[in-house]
2 protein chains.
Amino acid sequence: MSNEHNSSLTLETNIFEYFEAAKDRFLPGISADAVILGYDGQHIKVLLLKAQDVDIWMLPGGFIEKEYDIDIAVHRIVKARTGLEELYFQQFKLFGRSDRNAHKQEHLKKFQELSSAAHDWINQRFITVGYFALVHIEDVAPKPDLFTNICEWVALDQLPPLILDHQEIIDTALTYLRRQLNYLPVGINLLPERFTMSQFQNLYEEILKQKLDRGNFQRKMLKLDILIRHEKLKKGGAHKAPYLYEFDSDKYHEKVRNGIGFI
Amino acid sequence: MSNEHNSSLTLETNIFEYFEAAKDRFLPGISADAVILGYDGQHIKVLLLKAQDVDIWMLPGGFIEKEYDIDIAVHRIVKARTGLEELYFQQFKLFGRSDRNAHKQEHLKKFQELSSAAHDWINQRFITVGYFALVHIEDVAPKPDLFTNICEWVALDQLPPLILDHQEIIDTALTYLRRQLNYLPVGINLLPERFTMSQFQNLYEEILKQKLDRGNFQRKMLKLDILIRHEKLKKGGAHKAPYLYEFDSDKYHEKVRNGIGFI
DNA sequence: AGAATAGTGTCTCTTAGACATTATTAC
DNA sequence: GTAATAATGTCTAAGAGACACTATTCT
């Protein structure tokens, strides 16, 4: 147990060892990338990593250990970047264009000292499977990986230049999210445990990129019978204090399973 | 050109050559499977292949040529089984469990004469990407592949025992189809060019596995303004002859793009 | 005429959407 | 009080769903 942890630690702290071992440790030619989404009360944000030398950003990602289900491998990747053990995540697309990593060599020049086997492994054609995760942003402790020195939340309208096809991966994730909205537990996984109706509404407005009517939203959500209203009010502003709500988890997930109607 | 065709033909007519060449020709560890769906006026059917020796059935599938996009490789696979050049198809999920081909060896015993490299290639862990295709059943000329001797349409409620996780792949495809129904050009790709309102309705009833009200369905579809009514009626029964309809392709695809409301 | 299926109309109930009114709270 | 935001109510038009009526065709 502690041995396994140590050997894993070693692998993850030395890029050269990591690549030399890759051929035996990982499935060939496939990686996974995670669009990890959080909501800070104002905006949807995505967790990004910055390459160590250049000003190029990327999604958290990695390779698939030969012995693990892809879902499990992705869970490990997301856990390593966020510290979260429990999380909601789901695959949304396999990106399989043959030219998708045509520019990869550029970023790997510094690894020319690698053995030819390792070098070949890295430079083979790669496909990648896209996952998105929905996390409580306040619970996340962002942590860069071997190849990066910054790991932080970035708002969707402030995305920097991204490596390879990572911009397309994010765009695809968001389109998927919007289309599947009625089947995804967005509220319970992005909002804090207790939240106001305004926060709930703003979250959906952020996802859909459109304004919703306040009165109608409130009426609709209350009618769904998935919310528990708490009498403790949120204080602070020079105005009427809003109620705090909490999801009735069972009823909420039942509705989501059947795709019944937030929007 | 004709050389290329010949060499391809040779490869596809000899299983041993096919597997010996696989290591150089295909991406390692990944395959694709296609849920090809057709509608015969009564039922949704899926195109299946039967293994040559045993009574086990499978989806059309294959490996990914190293130089092709996955979408293109799948197009080639579906074209080879159906004869169709133009078709609507879409990826829906990557199946990545580590145990998904645990039983594969059983079916490959007869290939023990293969070189160890070829044997290793076949016996490595495989993941598979699922695609579905929507085709006009009357245009299809089913054709078995190297490993099979029967290729035919099977109704969804009469599926035989399927290899590996192919049953799960079909189930997942159908769930995806139902959820994305408003975004998929199901009608125009499954119905013949001219069709009756009853056929249109029956198609949706088959997909959704539920009865719909005749009057309401007709009213709704006509209101969508995607149908062209022809005055030539369908004759034959001892009853009022129904109108024949045709989709207005532009208006139809515009509605589908925006996910506007069949159901 | 009768059987079968198609096309259209009608009624009710629910919902969506726009908007108005009342309720709190800090200053 | 006023400003700001929350909660709730009202009105209308559109739509869903159940079902009834009329039309056409063949036997």
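Residue numbers begin at 1 in each chain, while the letters A, B, ... track the order of the sequences.
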Visitor: Calculate the interatomic distance between B:Phe217 atom CZ and C:dA6 atom C1'; express it in whole Å.
Guide: 14 Å
Visitor: Over how many whole Å does the gap from A:Lys211 atom NZ to C:dA18 atom C1' extend?
Guide: 17 Å
Visitor: Between C:dG7, C:dT25, C:dC19, which one does the side chain of A:Ala241 approach most closely?
Guide: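 Looking only at heavy atoms from C-beta outward on A:Ala241, the closest nucleotide is C:dT25.
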Visitor: In terms of side-chain heavy atoms of B:His239, which of D:dT8, C:dA4, D:dT5 is nearest?
Guide: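 The listed nucleotide nearest to B:His239's side chain is C:dA4.
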Visitor: Quick check on side chain to side chain contact (heavy atoms under 4.5 Å, CB included): which of B:Asp171, B:Thr172, B:Asp165 does B:Ile169 satisfy it with?
Guide: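 The residue from B:Asp171, B:Thr172, B:Asp165 that satisfies side chain to side chain contact (heavy atoms under 4.5 Å, CB included) with B:Ile169 turns out to be B:Asp165.
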Visitor: Between the protein and nucleotides 20-23 of chain C, which nitrogen or oxygen pairs are less than 3.5 angstrom apart?
Guide:
none

Visitor: Provide, to the nearest angstrom, the distance between the CG atom belonging to A:Leu222 and the P atom belonging to C:dT15.
Guide: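 So the CG-P distance, A:Leu222 to C:dT15, works out to 14 Å.
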Visitor: Treating B:Asn202 as the side-chain partner and B:Ser198 as the backbone partner, does any N or O pair qualify as donor plus acceptor under 3.5 Å?
Guide: no
Visitor: From D:dA16, D:dT8, C:dG7, pick the nucleotide closest to the side chain of B:Pro242?
Guide: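 In terms of side-chain proximity for B:Pro242, the closest of D:dA16, D:dT8, C:dG7 is C:dG7.
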Visitor: Is there side-chain contact between A:Leu159 and A:Trp57, with at least one heavy-atom pair below 4.5 Å?
Guide: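 SC-SC contact between A:Leu159 and A:Trp57 ruled out.
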Visitor: Measure from NZ or CZ of A:Arg229 to the centre of the six-membered ring of A:Tyr243, then state whether that distance is under 6.0 Å and the direction lies within 45° of the axis.
Guide: yes
Visitor: Using atom types as modelled and distance alone, determine if a side-chain donor or acceptor of A:Gln199 lies under 3.5 Å from a backbone N or O of A:Thr196.
Guide: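 The answer is yes, because a donor-acceptor pair under 3.5 Å joins these two groups.
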Visitor: Would you kindly give the CD-to-C1' distance between B:Gln210 and D:dG17, to the nearest whole Å?
Guide: 12 Å
Visitor: Quick check: any donor-acceptor pair below 3.5 Å linking the side-chain of A:Asn216 to the base of C:dA18?
Guide: yes
Visitor: Can you check whether A:Lys220 reaches A:Asn216 side chain to side chain, under 4.5 Å on heavy atoms?
Guide: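 With C-beta onward as the side chain, the pair stays apart.
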Visitor: Please determine if a side-chain N or O atom of A:Lys220 lies less than 4.0 Å away from the OP1 or OP2 oxygen of C:dT15.
Guide: no
Visitor: Quick one: are A:Ile70 and A:Tyr131 in side-chain contact, heavy atoms under 4.5 Å?
Guide: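 A side-chain contact under 4.5 Å exists here.
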Visitor: Has A:Arg81 got a side-chain atom pairing as donor or acceptor with A:Pro144's backbone, closer than 3.5 angstrom?
Guide: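 Side chain of A:Arg81 to backbone of A:Pro144: a pair is present.
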Visitor: So does A:Glu254 pair up with A:Lys251, basic N to acidic O under 4.0 Å?
Guide: no
Visitor: From the options C:dT25, D:dG17, C:dG7, select the nucleotide whose nearest atom is closest to the side chain of B:Arg219.
Guide: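 The nucleotide sitting nearest to the side chain is D:dG17.
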Visitor: Could you give the CG-to-C1' distance, from B:Leu212 to D:dA18, as a whole number of Å?
Guide: 14 Å
Visitor: Quick one: is C:dA6 close enough that its OP1 or OP2 comes under 4.0 Å of any side-chain N or O from B:Gln218?
Guide: no
Visitor: In residues 192-204 of chain A, which ones come under 4.0 Å of DNA chain C, going by heavy atoms?
Guide: none
Visitor: 5'-most contact on DNA chain C: B:Arg229 or A:Ala238, nearest heavy atom basis?
Guide: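 Per heavy-atom nearest nucleotide, the more 5' residue is B:Arg229.
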Visitor: What is the distance, to the nearest angstrom, from the CG atom on B:Asp213 to the C1' atom on C:dG7?
Guide: 13 Å
